[in-house]
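Working notes, beginning with the structure itself.
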Amino acid sequence: MLTTAIIREKRDYIIERLRIKGFDATALTGIILNSDVERRNLMTLSESLQAEINRTSKQIGAMMKEGNKAEAAELKEATRIKKEEIKRLEASLSEATAVMNEALLKLPNIPDETVPPGKGPDENLLVREWGEIPSLPDNARPHWELIKDYGIIDFDLGVKITGAGFPLYRGKGASLQRALISFFIAEGIKAGYEEVIPPVLVNEASAFGTGQLPDKDGMMYGTKTDNLYLIPTAEVPLTNIYRDTILNEGDLPVKLVSYTPCFRREAGSWGSDVRGLNRLHQFDKVEIVQITSPGLSYQALEEMAGHTGRLIEKLGLPYRVMLLCGGDMSFTSAKTYDFEVYSAAQQKWLEVSSVSNFESFQSNRLKCRYRKEGSRETSLAHTLNGSALALPRIVAALLENNQRDGEIIIPEPLVPYTGFTTLKPGKE
RNA sequence: GGAGAAAUGGCAGAGUGGUCGAAUGCGGCGGUCUUGAAAACCGUUGUCCGGGAGACUGGACCGGGGGUUCGAAUCCCUCUUUCUCCGCCA
């Protein structure tokens, strides 16, 4: 959510920049500015009435002490009338506030200067490519066949127990999963992130704070009786740690790393995109989050992108980094890098991480502020997050790219965590 | 799940209808003293919103929401959370 202050100051700039997200902000910003003026007028009126009432109340108190009841009664009547007036003013005020907030919630974040224009994925900018696309043997197979042959991930059992999109990992498949999580967490800790295990169910206030509510409740699983939501990403509980919080500048940057399962309802199935591990309702992800001062957030974005890239490199998977164009960015993001690994058998680039700077868009909602060193003033902090990494597509690429004749090679950095160096077909 | 108690500033903890944004202590910050530090002493120390170039000024906030009253931290209703006891339980 943008602040009204910035809309007041830079309306034209906002309208111009939001064009590259394909969004016309003229009407919304107009509504916001109008109701903002209206609000402040109403506030001034009702507060000055309240000030009069407060003064009068003290007078009445003094009169009662002196036993001057007749005069007190007169003042009481005057107060009664003012109170009615205040009630009317406040009704208009809350209406104006509702109009303003509704408009504010519909306004997306402003893309950073470096974000290219564009409508969709085709216009994203390739910023880096790493690794060689492996040439696989003729009998190479996509991961959804490999997992069956190797007996490591069972979709049918997931269907039996829960439903489609909830795979069951077993044997070395389960160990591999756990090894990846441990590896990613350990690397995060090495890079200075604090490990957190948060709740995976969150309340409405948290879902609102990071922007899943009110609009995107369709993406989350909810527990009707308790009004809780299963998290679609660790970003939700992690960033909400700092909801309604004032940090000291010296405590910044806050750097967190966290493994959680993630739950997404998503829409339906889109053909071959959803095969195997490509798109799931429940998946594992290690997430990194940073909270920084505004001056340092883009430096932090690059640092996080660097961290994510190094993880993929250590696993030896070819990948590319895309700078998302305006039209492909999320509502809340100011700048996003997507990381895609190449899954050699299905011959597809798979998104395994999305690293974003939200600037103060989330922190304004969350009321996450910080106090500058030696100052009493508070300002909104900047929030960032990224996956480091989402597991299923990493596993897909790893299985496909590393298949050899009759075995799949585990990348070396992972071996200390798996305890084995290869996967073999059949039940082990 | 049942019964009872409680929720006040960074923390501890007073305050049961008026001058209370709130005593006091601790902590924090600034100063005096000191070669330096400690101790002692003095001062200062919440957040949000509005108005103002600013000095400053108005309003709101004592777990959340609502109510009574001229006036609420204080009374009433409701929700949430915490603690104690009982039950159940990895």
Side-chain angles (χ1 to χ4, degrees), chain A residues 1-9 32-101 103-104 197-209 213 223-229 237 240-252 254 261 291 360 362-381:
Chain A
M1 188 164 78
L2 297 175
T3 61
T4 48
I6 195 166
I7 296 168
R8 247 180 271 159
E9 281 162 32
I32 291 163
L33 291 183
N34 284 339
S35 38
D36 181 45
V37 169
E38 195 187 339
R39 279 185 73 240
R40 284 184 291 155
N41 287 338
L42 289 166
M43 246 184 234
T44 308
L45 288 174
S46 101
E47 282 178 7
S48 64
L49 277 177
Q50 186 62 52
E52 284 175 33
I53 291 175
N54 288 347
R55 272 196 298 275
T56 309
S57 289
K58 285 182 185 171
Q59 284 174 24
I60 292 173
M63 286 171 185
M64 301 294 269
K65 244 176 216 169
E66 292 164 13
N68 196 346
K69 285 198 177 151
E71 219 175 320
E74 234 172 85
L75 289 180
K76 281 188 195 180
E77 175 59 15
T79 301
R80 197 185 57 79
I81 292 166
K82 284 176 190 161
K83 276 183 78 173
E84 274 173 16
E85 180 61 17
I86 288 182
K87 232 179 205 168
R88 273 193 293 275
L89 290 169
E90 301 226 300
S92 318
L93 177 65
S94 64
E95 202 176 307
T97 306
V99 169
M100 186 178 82
N101 283 340
L104 276 171
I197 301 180
V200 297
L201 272 83
V202 296
N203 57 30
E204 284 180 314
S206 295
F208 181 85
L213 292 180
T223 60
K224 293 174 210 97
T225 42
D226 299 291
N227 265 321
L228 298 174
Y229 296 89
N240 271 285
I241 295 172
Y242 296 95
R243 170 154 47 89
D244 293 319
T245 298
I246 299 174
L247 293 152
N248 291 317
E249 191 172 22
D251 297 332
L252 301 177
V254 170
I291 297 176
S360 60
Q362 271 185 338
S363 56
N364 185 35
R365 268 187 181 218
L366 289 161
K367 301 215 177 60
C368 170
R369 292 154 299 180
Y370 77 103
R371 200 187 309 274
K372 285 196 188 90
E373 215 68 63
S375 160
R376 200 175 287 175
E377 214 183 310
T378 62
S379 3
L380 292 171

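Below, all heavy atoms of this structure are taken into account, side chains as well, without hydrogens, waters or symmetry copies. In what follows, chains carry the letters A, B, and so on, assigned in the order in which the sequence lines appear, proteins first and then strands, with residues in each chain numbered from 1.
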Whether the A/Ser206 and A/Asn203 side chains hold a donor-acceptor pair (N or O, under 3.5 Å, no angle test) is what I'd like checked.
yes
Can you give the dot-bracket line for RNA chain B, where a pair is Watson-Crick or G-U wobble with both atom distances under 3.5 Å, crossing pairs use [ ], and | marks a partner on another strand?
((((((((.[[[..)..(.....]]]((((((.......))))))((((((....)))))).[[[[[..)....]]]]])))))))....
Using atom P of each nucleotide, how far apart are B/rG15 and B/rG31 to the nearest Å?
37 Å
Please report the distance separating the P of B/rG50 from the corresponding atom of B/rU84, rounded so that it comes out in whole Å.
43 Å
Polar atoms only, N or O, under 3.5 Å: list the protein pairs with nucleotides 77-82 of chain B and their distances.
none

Could you tell me which residues satisfy side chain to side chain contact (heavy atoms under 4.5 Å, CB included) with A/Glu52, sequence neighbours excluded, listed by chain and number?
A/Leu49, A/Arg55, A/Lys82
For A/Met100, all residues meeting side chain to side chain contact (heavy atoms under 4.5 Å, CB included), sequence neighbours excluded
A/Thr4, A/Ile32, A/Ser35, A/Asp36, A/Arg39, A/Leu104
Whole-angstrom distance between B/rC49 and B/rC85, as gauged at atom P:
44 Å
Can you tabulate the close N/O pairs, meaning under 3.5 Å, that link protein atoms to atoms of nucleotides 70-72 of chain B?
{"unit_1": "B/rC70", "atom_1": "O2'", "unit_2": "A/Ser57", "atom_2": "OG", "d": "3.2"}
{"unit_1": "B/rG71", "atom_1": "OP1", "unit_2": "A/Lys83", "atom_2": "NZ", "d": "2.5"}
{"unit_1": "B/rG71", "atom_1": "O4'", "unit_2": "A/Ser57", "atom_2": "OG", "d": "3.4"}

Distances for protein N/O vs nucleotides 51-59 of chain B N/O pairs under 3.5 angstrom?
{"unit_1": "B/rG51", "atom_1": "OP1", "unit_2": "A/Arg40", "atom_2": "NH1", "d": "2.8"}
{"unit_1": "B/rG58", "atom_1": "N2", "unit_2": "A/Glu47", "atom_2": "OE1", "d": "2.8"}
{"unit_1": "B/rG59", "atom_1": "OP1", "unit_2": "A/Asn54", "atom_2": "ND2", "d": "3.2"}

With a cut-off of less than 4.0 Å, is there a side-chain N or O of A/Arg369 near OP1 or OP2 of B/rC48?
yes
How far does the C1' atom of B/rU16 sit from the matching atom of B/rC75, given to the nearest Å?
9 Å
Quick one: label A/Thr378 by what it contacts on the DNA or RNA (base, sugar-phosphate, nothing), any heavy atom closer than 4.0 Å.
sugar-phosphate
Say you pick atom P in B/rC76 and the same atom in B/rU68; how far apart are they, in whole Å?
15 Å
Give a yes or no on whether a salt bridge exists between A/Glu84 and A/Lys87, defined as a side-chain N under 4.0 angstrom from a carboxylate O.
no
What integer number of Å spans the C1' atoms of B/rU74 and B/rG18?
11 Å
Span that lies between the C1' atom of B/rC33 and that of B/rA38, in whole angstrom
12 Å
